[in-house]
Amino acid sequence: MGFILVLHYEKWENSVYTSEKLGELIASTERFPPSALDAARRCILDAVSAAVGGLATTGAVAAAKGATLVWGRGQVPLWLSSSMSTAMGAAFANSAATSMLDIDDGHRAAAGHPGASIIPAVFAAVHEDPSLQDRALGAIIVGYEIGLRIAASRDLRTLDTVNSGRWCGQGVAAALGWLRKLPPQVISHAISAAGTIAPHMPAAEFTQVGNHIKEAIPHATANGIMCLRLAEAGYAAPLDLLDDDRHFNSAKLLQGFGERWMIETSYFKPYSCCRWIHAPIDGLLKILARQGLAPADISGIRVETFRKGVETLNNQVSPKSLEAAQFSTPFCLGVVATRGVSALLPMTDFNLLTDPNVLSLAERVEVVLDVDLDSYFSAAVPARILVTFGDTTFTETVMEPLGEPGNPMSWDMLFEKFHALSSSQLTLAKQKQLHDALLEMKDGSLERLLWELSQPN
């Protein structure tokens with residue numbers, strides 16, 4: 001039995017708000033250039049790789065169990081398992097798996113991570129309604145665009161936290177609104193509602209206590225879905241939310257929409273730790289490779305970087321959890337120097353936390369502010385690393401770590417990342433099946449990938 005829902009929204013006379021303009025722009029978007037579609041496919045490959053690597057982590061396992069407890073069972077799969085939940089539950093659990101290792105994609109304009117939210121949400125909607133499959137790539141592009149524009153409209157240098165949960169839920173609402181061809185007003189109210197309940201918590205991932213919150217990305221993902229459904233039912237939101245110039249630059253939100261898609265300038269991460277640590281890691285790797293010296297010979301490491309990399313990261317020498325370790329420059333450099341960079345692809349070995357060689361080297365690392373490098377943030381996340389061997393110091397400055405748009409990871413490198421993350425998580429047969437499905441996705445079809453993600457390992 002069907003029904004017709006008539007929406008009645010209060011219209012303010014002679015007022016057009018930023019969220020309404022975004023709703024109109026989103027609903028009127030029809031086509032995307034090949035470059036944006038290719039970028040969306042790269043982001044899908046990266047998100048699936050990150051999720052496969054993260055599925056067995058304590059946080060992802062708890063999220064999967066909790067999703068069915070909170071949202072119940074349904075017809076949408078939790079990736080690579082026999083469990084199913086509602087679209088909200090599955091999107092939450094799959095988002096948690098994707099974000100748990102801190103190896104998911106990101107964007108300089110946002111200082112945050114869109115893929116771990118947008119892609120699980122869009123895939124959950126397509127699993128729920130397979131007729132939407134042909135629109136999935138476009139929805140992902142739109143979701144990235146709106147989430148990243150909202151994030152970029154803030155002053156990242158003065159924010160108390162750059163948590164992705166503050167904006168990725170709005171991206172989800174936009175993505176699913178476009179995916180399902182909903183009216184502009186519904187999309188506008190959904191974006192506004194998602195903004196009012198965006199997780200504005202402090203920088204919990206940078207505290208001294210390891211946790212599974214992951215910038216509230218999974219929570220914001222579920223919120224985005226919820227707010228869209230409420231908007232469809234006529235639940236009105238404050239449409240002027242994005243017009244508060246204390247928090248958002250509305251001109252920046254709207255300028256040049258559709259001229260070039262932000263998803264095309266996403267970055268990808270080769271190591272499972274905070275992006276702000278990647279530049280010193282790349283610098284250390286270059287010095288060690290060039291000089292051919294043993295880690296035991298290192299008498300000290302000095303990292304000069306931007307202010308947030310010094311003051312916001314926890315930078316614990318001896319973190320008590322792998323989640324806390326992901327945000328420690330000294331610890332990650334200790335891992336790379338003593339265990340090799342493969343130990344960060346991904347960082348899942350609990351023995352690292354008590355390895356005396358890792359901890360000893362981490363104690364020899366200092367992280368300090370460089371005013372010149374700080375001027376590049378947030379458009380760049382550079383670092384200068386000085387490694388001392390006895391009386392000799394070697395220096396390397398990295399302005400663009402591997403994976404930035406100016407120093408990109410190729411398709412082959414992204415597939416190598418997939419194999420590195422999946423080799424210890426999937427059977428050989430499942431790894432090949434998923435690899436082949438990702439290849440088909442690269443060439444244009446999502447059907448097999450969606451099927452493989454719905455099947456247990």
S.K.: Might you point out which heavy atoms bring Ala125 and Leu176 nearest each other, and give the distance in Å?
M.R.: CB-CD2, 3.8 Å

S.K.: Return the minimal non-hydrogen interatomic distance between Ile146 and Gln170, and the atom names on each side.
M.R.: CG2-O, 4.1 Å

S.K.: Sort and list the pairs that fulfil salt bridge (Lys or Arg N to Asp or Glu O under 4.0 Å) and have at least one residue in residues 26-42, not counting sequence neighbours.
M.R.: Asp38-Arg42

S.K.: Among all residues two or more places apart in sequence or in another chain, which pass the side-chain hydrogen bond (donor to acceptor under 3.5 Å, both in side chains) test with Ser424?
M.R.: none

S.K.: I'd like to know if the side chain of His212 pairs up with that of Thr58 as donor and acceptor (distance under 3.5 Å, no hydrogens or angles considered).
M.R.: no

S.K.: Say you draw a straight line from CZ of Arg149 to CG of Leu25; how long is it, rounded to the nearest 0.5 Å?
M.R.: 8.5 Å

S.K.: Kindly determine whether Lys269 and Asp104 satisfy salt bridge (charged side-chain N to carboxylate O under 4.0 Å, His left out), including the steps that lead there.
M.R.: CA-CA 7 Å; Lys269 299 170 71 172; Asp104 43 318; 5.1 Å; no

S.K.: The test is side-chain contact (heavy atoms from CB on, under 4.5 Å); show your working for Lys432 and Asp436 and say whether it passes.
M.R.: CA-CA 6 Å; Lys432 185 180 186 307; Asp436 291 346; 2.8 Å; yes

S.K.: Just jot down the side-chain hydrogen bond (donor to acceptor under 3.5 Å, both in side chains) partners of Thr18, sequence neighbours excluded, or say none.
M.R.: Asp243

S.K.: Which label fits Phe92 and His219: parallel for a plane angle under 30°, tilted from 30 to 60°, or perpendicular past 60°?
M.R.: perpendicular

S.K.: Check the orientation of Phe306 and Trp276. Use parallel for under 30°, tilted for 30 to 60°, and perpendicular for over 60°.
M.R.: perpendicular

S.K.: Give, for atom CG of Leu148 and atom CH2 of Trp261, the distance between the pair rounded to the nearest 0.5 Å.
M.R.: 12.0 Å

S.K.: Would you kindly say whether Ser410 and Asp412 are connected by a side-chain donor-acceptor distance under 3.5 Å?
M.R.: no

S.K.: Step through it carefully: locate the ring centre of Phe415, locate the ring centre of His435, and say whether they are under 6.0 Å apart.
M.R.: yes

S.K.: Test side-chain contact (heavy atoms from CB on, under 4.5 Å) on Leu101 and Met347 and set out the steps.
M.R.: CA-CA 7 Å; Leu101 290 176; Met347 183 162 54; over 6 Å; no

S.K.: Measure from NZ or CZ of Lys442 to the centre of the six-membered ring of Trp411 and say whether it is under 6.0 Å with the direction within 45° of the ring axis.
M.R.: yes

S.K.: Among Leu453, Asn94, Ile217, find the one that has a side chain to side chain contact (heavy atoms under 4.5 Å, CB included) with Pro120.
M.R.: Asn94

S.K.: Do you know the tightest heavy-atom contact between Ala90 and Pro77?
M.R.: CB-O, 3.6 Å

S.K.: In chain order, what residues pass the side-chain hydrogen bond (donor to acceptor under 3.5 Å, both in side chains) check against Asn357, with sequence neighbours excluded?
M.R.: none

S.K.: Hey, are Asn315 and Thr329 close enough side-chain-wise for a donor-acceptor pair under 3.5 Å?
M.R.: yes

S.K.: Quick one: does Pro382's side chain get under 4.5 Å of Thr305's, heavy atoms only?
M.R.: no

S.K.: Enter the distance from Asp129:CG to Gln75:CD here, rounded to the nearest 0.5 Å.
M.R.: 13.0 Å

S.K.: Is there a salt bridge (charged side-chain N to carboxylate O under 4.0 Å, His left out) between Glu404 and Arg108? Walk through the geometry before answering.
M.R.: CA-CA 9 Å; Glu404 291 292 316; Arg108 286 275 63 79; 2.8 Å; yes

S.K.: Looking only at side-chain N and O atoms, does Ser192 offer a donor or acceptor that is under 3.5 Å from a partner on Ser19?
M.R.: yes

S.K.: Could you check whether any side-chain heavy atom of Ile140 comes within less than 4.5 Å of a side-chain heavy atom of Phe123, counting everything from C-beta outward?
M.R.: yes

S.K.: Just checking Leu69: does its CG atom have more than 12 heavy atoms from other residues, nucleotides or ligands closer to it than 6.0 angstrom?
M.R.: yes

S.K.: OH/Tyr271 to CG/Asp102 distance, rounded to the nearest 0.5 angstrom?
M.R.: 14.5 Å

S.K.: Flag the pair Val367 / Pro330 as yes when at least one side-chain heavy-atom distance between them is below 4.5 Å, and no otherwise.
M.R.: yes

S.K.: If I take atom NE2 from residue His107 and atom OH from residue Tyr267, how far apart are they, to the nearest 0.5 angstrom?
M.R.: 10.0 Å

S.K.: Going from CD1 on Ile191 to CG on Leu241, what distance comes out if it is rounded to the nearest 0.5 angstrom?
M.R.: 10.5 Å

S.K.: Under 3.5 Å, is there a donor on one side chain and an acceptor on the other for Glu20 and Ser188?
M.R.: no

S.K.: Take Arg448 and Leu438 through the side-chain contact (heavy atoms from CB on, under 4.5 Å) test and state the conclusion after the steps.
M.R.: CA-CA 8 Å; Arg448 183 173 176 184; Leu438 287 164; over 6 Å; no

S.K.: By side-chain hydrogen bond (donor to acceptor under 3.5 Å, both in side chains), which residues pair with His278, not counting sequence neighbours?
M.R.: Arg275

S.K.: Side chains of Tyr144 and Asp105: is there a donor and an acceptor less than 3.5 Å apart?
M.R.: yes

S.K.: So, are Glu323 and Lys214 salt-bridged, with charged N and O less than 4.0 Å apart?
M.R.: no

S.K.: With a 4.5 Å cut-off on side-chain heavy atoms, are Ser321 and Phe350 touching?
M.R.: no

S.K.: Taking salt bridge (Lys or Arg N to Asp or Glu O under 4.0 Å) as the cut-off, I'd like each qualifying pair that reaches into residues 167-196, sequence neighbours left out, listed once.
M.R.: Arg180-Glu232

S.K.: Evaluate side-chain contact (heavy atoms from CB on, under 4.5 Å) for Asn457 paired with Thr427, printing each intermediate quantity in order.
M.R.: CA-CA 7 Å; Asn457 181 21; Thr427 64; 3.7 Å; yes

S.K.: If we count only N and O atoms by modelled type, under 3.5 Å, do the side chains of Ser328 and Gln316 hold a donor and an acceptor together?
M.R.: no

